[in-house]
Amino acid sequence: MESMTDMQIALMLMIIGMGTVFVILVLIINLSKLLIMTINKVAPEEEVVKKSAPTAPAAVPANVEAAIKAAIAQVAPGAMVTKITK
């Protein structure tokens, strides 16, 4: 009969331990939600500024364009340059 009381004590300790962990986890979750709500009210998220439409690309000087085309003609003779932008 002695082992039965030991088993009951072990079961009770397990239930108390698991209950304590459950209660602490519920407290942590609720306090975290409260903290998030408080922070959102005190310091709301900044609005993201939308960037304006990009302007037309700057023109590439003629001498730079000629140098690029000459370099590509040497490396890949069959290649064709269609657009050069900065």
Side-chain angles (χ1 to χ4, degrees):
M1 263 338 231
E2 182 88 17
S3 66
M4 191 60 165
T5 59
D6 289 343
M7 188 63 91
Q8 288 174 342
I9 291 171
L11 186 61
M12 185 174 298
L13 285 173
M14 182 186 73
I15 291 172
I16 290 171
M18 291 178 80
T20 303
V21 169
F22 180 76
V23 168
I24 289 173
L25 287 175
V26 168
L27 282 172
I28 289 172
I29 290 169
N30 288 329
L31 288 175
S32 298
K33 286 181 181 180
L34 180 66
L35 179 65
I36 290 170
M37 285 179 9
T38 304
I39 294 298
N40 285 337
K41 285 183 182 177
V42 171
E45 188 173 332
E46 295 180 7
E47 292 183 17
V48 178
V49 177
K50 293 182 181 178
K51 293 183 179 180
S52 61
T55 58
V60 178
N63 61 346
V64 174
E65 185 175 341
I68 292 172
K69 286 181 179 180
I72 292 174
Q74 284 184 354
V75 174
M80 181 189 300
V81 179
T82 57
K83 184 177 182 181
I84 299 174
T85 60
K86 280 190 177 180

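Residues satisfying the side chain to side chain contact (heavy atoms under 4.5 Å, CB included) criterion with Met14, sequence neighbours excluded, are Leu11, Met18. Here Ile16 pairs with Met12, Thr20 under the side chain to side chain contact (heavy atoms under 4.5 Å, CB included) rule; sequence neighbours left out.
Counting Ile, Leu, Val, Met, Phe, Trp and Tyr side chains that sit under 4.5 Å apart, directly or through other members, Val23 shares a hydrophobic cluster with Leu27. Hydrophobic cluster membership of Val49, counting Ile, Leu, Val, Met, Phe, Trp and Tyr whose side-chain heavy atoms lie under 4.5 Å apart directly or via other members: none, as it forms a cluster of its own.
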Only pairs under 3.5 Å count here: list side-chain donor-acceptor contacts from residues 28-43, not counting sequence neighbours, and write none if there are none.
residue	atom	partner	partner atom	Å
Asn30	ND2	Val26	O	3.3
Ser32	OG	Ile28	O	2.8
Thr38	OG1	Leu34	O	2.8
Asn40	ND2	Ile36	O	3.3

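Identified under the salt bridge (Lys or Arg N to Asp or Glu O under 4.0 Å) test for residues 23-32, with sequence neighbours left out: none. Residue pairs satisfying the side chain to side chain donor-acceptor pair (under 3.5 Å) criterion with at least one member in residues 66-79, sequence neighbours excluded, are listed as follows: Glu65-Lys69.
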